[in-house]
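These numbers were taken from a predicted model, which means no experiment stands behind them.
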Amino acid sequence: MDRTRLFLAANVVLWLPYGLYCLASPGFLAEAAGVAATTPTGTTELRAMYGGLQAAIGLLALAAVLRRDLERTALTALAFLAGGLFTGRLFGAFADGGLSGYTVGALVLESALTVLSVRFLRWLPAAG
């Protein structure tokens, strides 16, 4: 397995189990990240954003591991999604003054995933 597929496989392991766990147990986020729902709609939102979306990111990475023709698509999506998470979290940390251990860890992870996704995109042979 080449380094691009190993990176994508690592993303499967990172995103898919966490997303599935948050989908099944959104209350976990109250302790882990300080995020809690106060209404059933809030709980559904946590399931969707922390569960469904993150599981879908993992499934996209899995699809790219299984099908080479999806590598560019998956890496592009990972670069944008991780970059968006990083940017929003960094803005929030400054705007809200909330720089917890969870936030710092997520910032490190999201920045690394963004940079690595872009690097792996550059290493792929030219499209078409």
Side-chain angles (χ1 to χ4, degrees):
M1 186 176 288
D2 64 36
R3 60 187 178 192
T4 301
R5 293 179 76 202
L6 282 172
F7 174 71
L8 289 165
N11 274 275
V12 174
V13 172
L14 174 72
W15 295 100
L16 184 57
Y18 187 72
L20 292 175
Y21 188 73
C22 290
L23 184 65
S25 303
F28 151 80
L29 293 163
E31 182 67 30
V35 178
T38 59
T39 66
T41 299
T43 302
T44 298
E45 188 66 14
L46 292 178
R47 287 183 199 277
M49 294 304 294
Y50 282 85
L53 180 61
Q54 293 191 36
I57 294 168
L59 288 171
L60 177 60
L62 178 61
V65 168
L66 298 174
R67 288 187 40 193
R68 283 196 175 276
D69 62 312
L70 295 175
E71 286 179 342
R72 185 173 305 281
T73 300
L75 290 169
T76 301
L78 284 168
F80 276 94
L81 294 169
L85 285 167
F86 173 81
T87 303
R89 195 177 312 275
L90 186 63
F91 173 80
F94 281 108
D96 306 326
L99 199 60
S100 67
Y102 180 91
T103 302
V104 171
L107 285 167
V108 169
L109 175 67
E110 292 156 0
S111 63
L113 289 176
T114 302
V115 169
L116 288 170
S117 295
V118 171
R119 280 207 184 273
F120 281 107
L121 271 169
R122 289 184 177 179
W123 288 333
L124 286 179

Between [X] and [Y], what is the shortest heavy-atom contact and its length?
{"X": "A30", "Y": "A36", "result": "CB-CB, 3.9 Å"}
{"X": "A9", "Y": "V65", "result": "N-CG2, 3.5 Å"}
{"X": "R89", "Y": "Y102", "result": "NH1-CE2, 4.0 Å"}
{"X": "F7", "Y": "L116", "result": "CE1-CB, 3.6 Å"}
{"X": "L90", "Y": "L107", "result": "N-CD2, 3.7 Å"}

Please report, to 0.1 Å, the donor-acceptor pairs under 3.5 Å made by any side chain of residues 47-56, with sequence neighbours excluded.
from, atom 1, to, atom 2, distance (Å)
R47, NH1, L23, O, 2.5

Give a yes or no on whether [X] and [Y] share a hydrophobic cluster (residues Ile, Leu, Val, Met, Phe, Trp, Tyr; joining criterion: side-chain heavy atoms under 4.5 Å apart).
{"X": "L70", "Y": "L75", "answer": "no"}
{"X": "L8", "Y": "L6", "answer": "yes"}
{"X": "F86", "Y": "V118", "answer": "no"}
{"X": "L29", "Y": "V104", "answer": "no"}
{"X": "F91", "Y": "F94", "answer": "no"}

Heavy-atom donor-acceptor pair, R5 side chain to R68 backbone, under 3.5 Å
no

Full working for side chain to side chain contact (heavy atoms under 4.5 Å, CB included) between L85 and L113:
CA-CA 10 Å; L85 285 167; L113 289 176; over 6 Å; no

Angle class for the Y21/F28 ring planes (parallel below 30°, perpendicular above 60°, tilted otherwise)?
perpendicular

Just by distance, with hydrogens left out, do T114 and S111 show a side-chain donor and acceptor under 3.5 Å apart?
no

Measure the spacing between CZ of F120 and CG of N11 and express it to the nearest 0.5 Å.
9.5 Å

Show your reasoning for whether side chain to side chain contact (heavy atoms under 4.5 Å, CB included) applies to L78 and W15.
CA-CA 11 Å; L78 284 168; W15 295 100; 3.9 Å; yes

